[in-house]
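Reading through the structure tokens given below for one structure.
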Protein chains: 2
Amino acid sequence: MYKIDFQNFFTYSFSSDIVIFGCQEGEIHVLLIKRAMEPFKDIWAIPGDLIYPDEDLQDASERILFELTKLRNIELHQAQTFANPNRHPQGRVITCSHFALVRIEDVVAQASSWAEDIDWIPMREVPELAFDHNLILQSTYDVLKQKLATEPVCFDMLPEKFTLHELQLLYEYAFEINMDKANFRKKIKPIPLISLDEKQKNVKHRPAKLYSFDRKRFQEKIEKEHYRFKMY
Amino acid sequence: MYKIDFQNFFTYSFSSDIVIFGCQEGEIHVLLIKRAMEPFKDIWAIPGDLIYPDEDLQDASERILFELTKLRNIELHQAQTFANPNRHPQGRVITCSHFALVRIEDVVAQASSWAEDIDWIPMREVPELAFDHNLILQSTYDVLKQKLATEPVCFDMLPEKFTLHELQLLYEYAFEINMDKANFRKKIKPIPLISLDEKQKNVKHRPAKLYSFDRKRFQEKIEKEHYRFKMY
DNA sequence: GCAAAAGTGTTTGGATTACACCCATGC
DNA sequence: GCATGGGTGTAATCCAAACACTTTTGC
């Protein structure tokens with residue numbers, strides 16, 4: 001049994017890290033920042049910030065996301081908490097990782113006082129990161145893949161209007177597999193999509209039809225039928 | 001941009017809560033404690049404790065589990081972190097919930113200085129708990145169910161030697177469904193089990209064969225074949 | 001014999017797989 | 001015309017659900 005005074009426990013710092021994922025040309029990208037200050041100055045890192053003493057984790061995460069991307073009302077998914085006592089050289093900082101799924105074209109990415117540079121990097125080309133951020137990124141990516149398999153979060157990172165091929169590429173990239181085109185289309189048949197009267201433009205092949213996700217009909221299907229989203 | 005001094009952030013307390021699950025007569029139980037001190041004295045709660053300033057989250061969780069159950073070398077699964085500023089009346093305590101799966105017969109549950117009582121309670125009969133522990137318990141149970149569907153963790157809560165019917169009851173309880181006996185047995189065919197030369201005793205019906213989980217062959221199947229555990 | 005649960009086989013329909021084929025566009 | 005991807009059909013196979021039936025124990 002420990003005999004340390006309660007007050008001595010109030011010596012931690014707590015932060016939230018936000019892994020922002022997007023999709024471009026079939027590749028899942030992550031938004032990383034190049035740190036503008038020590039420690040790990042000039043090294044790429046996951047955006048994150050300390051949490052205010054009276055701030056909820058959710059609010060802090062939304063604040064961090066907004067400061068970096070100017071996006072609001074994006075769903076934040078909690079992933080994992082990292083509490084190794086030595087993970088931060090300046091003191092004990094416990095961090096809780098989250099991820100957000102955004103459309104890359106919606107983001108007005110910009111440098112800031114704590115980020116001298118900022119860039120979208122394909123998940124398979126991520127360099128060495130600051131702190132334990134490679135570990136955090138990998139485990140957060142694993143949670144994303146889990147969600148991609150069981151929830152329709154893919155539509156949060158695809159453009160509003162997408163082709164079925166883009167959808168397929170996203171899953172192929174995430175699960176590192178190749179799928180048969182015809183079979184993939186049969187598999188996604190139950191997902192309620194809105195078939196738009198629009199086609200791709202300026203492509204050097206037959207232009208593909210555009211679709212968007214029918215979120216309303218999806219909810220209805222879950223409630224009324226026994227429907228469960230399931231990929232892979 | 002925040003302008004608060006870095007030192008002001010070191011005003012938190014951090015704790016680990018351990019939801020201990022077991023299985024008895026086909027029902028998933030949780031080990032709860034009746035608090036011996038304020039706040040919430042005499043109220044049921046999830047066991048947990050503050051983390052030492054230089055202690056890793058994993059070590060702290062193992063310590064808490066051992067103090068309560070005298071069990072070591074039990075896998076701890078991280079679930080979710082709760083950081084609402086008002087969740088603890090005595091200060092800002094951020095807690096990270098975990099779960100452990102144990103065999104109820106292995107646990108030497110005992111009261112302690114911080115728990116005047118301790119009991120296994122079926123998940124469907126959990127009373128009002130202290131703090132935000134009902135919320136924590138529910139979300140941790142959801143993570144357990146997720147794991148039950150994709151990893152062979154069921155065998156950590158069943159007796160070493162179990163009947164196929166016990167296995168079925170566990171899944172029926174977790175997913176709140178009824179399964180056909182014959183179909184269930186076909187579904188679990190790919191799971192490598194050791195068929196023991198032993199049977200149930202003192203039952204007033206045909207005694208069932210006992211099995212145990214073949215962890216070694218399971219690992220081999222994953223590595224050599226393309227096998228993926230998948231229930232429900 | 002009867003109750004209760006163990007344990008197995010058969011049929012059916014729907015989903016998954018592999019593969020083949022035709023279509024529209026830019027160059 | 002041809003390269004490139006868009007888009008669809010078919011047949012074989014596997015898998016899941018529904019259901020029926022036999023077996024073994026205690027009382």
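In what follows, chains carry the letters A, B, and so on, assigned in the order in which the sequence lines appear, proteins first and then strands, with residues in each chain numbered from 1. Note that this is a predicted model, so its numbers are computed, not measured.
- Judged by distance alone, with hydrogens and angles left aside, K181(A) brings no side-chain donor or acceptor close enough to the base of dT17(C) to form a pair under 3.5 Å.
- Atom-to-atom, CZ of F184(A) to P of dG6(D) comes out at 12 Å; the value is rounded to the nearest Å.
- Distance CD (E166(A)) to C1' (dG6(D)): 13 Å, rounded to an integer number of Å.
- Between D180(A) atom CG and dG6(D) atom P there is a gap of 13 Å when expressed in whole angstrom units.
- Between the OG1 atom in T95(A) and the CG atom in D132(A) there is a gap of 8.0 Å [rounded to 0.5 Å].
- Residue contacts shown for A182(B) include a base, since a base heavy atom lies under 4.0 Å away.
- Contact annotation: H205(B) side-chain N/O to dA3(C) OP1/OP2 distance is not under 4.0 Å.
- Comparing dG7(D), dA18(D), dA18(C) by their nearest atom to the side chain of K186(A) picks out dA18(C).
- Taking the side chain of R206(A) as heavy atoms from C-beta on, and the options dG9(D), dC23(C), dG9(C), the nearest nucleotide is dC23(C).
- On a pure distance criterion of 3.5 Å, no polar donor-acceptor pair joins the side chain of K230(A) and the base of dT16(C).
- Ion pairing between R87(A) and D56(B) fails under the 4.0 Å rule for side-chain N and carboxylate O.
- To the nearest 0.5 Å, the span separating CD1 on I43(A) from CZ on F131(A) amounts to 10.5 Å.
- In this structure, E25(B) atom CD and dA5(C) atom P are separated by 13 Å, rounded to whole Å.
- Counting to the nearest Å, the C1' atom of dA4(C) and the CD atom of Q200(B) are 12 Å from each other.
- With salt bridges taken as basic N to acidic carboxylate O contacts below 4.0 Å, one links K41(A) and E116(A).
- Rounded to a whole Å, the OH atom of Y232(A) is 14 Å from the P atom of dT16(C).
- Aromatic pair F99(A)/Y141(A): ring centres not closer than 6.0 Å.
- If you check distances only, the side chain of N183(B) does reach the base of dA18(D) with a donor-acceptor pair under 3.5 Å.
- In this model, no side-chain donor or acceptor of K204(A) finds a partner on the base of dG5(D) within 3.5 Å.
- R185(B) has a side-chain polar atom (N or O) that falls below the 4.0 Å cut-off from OP1 or OP2 of dG7(C).
- Taking 3.5 Å as the limit, the base of dG6(D) and the side chain of K209(A) contain no donor-acceptor pair of atoms between them.
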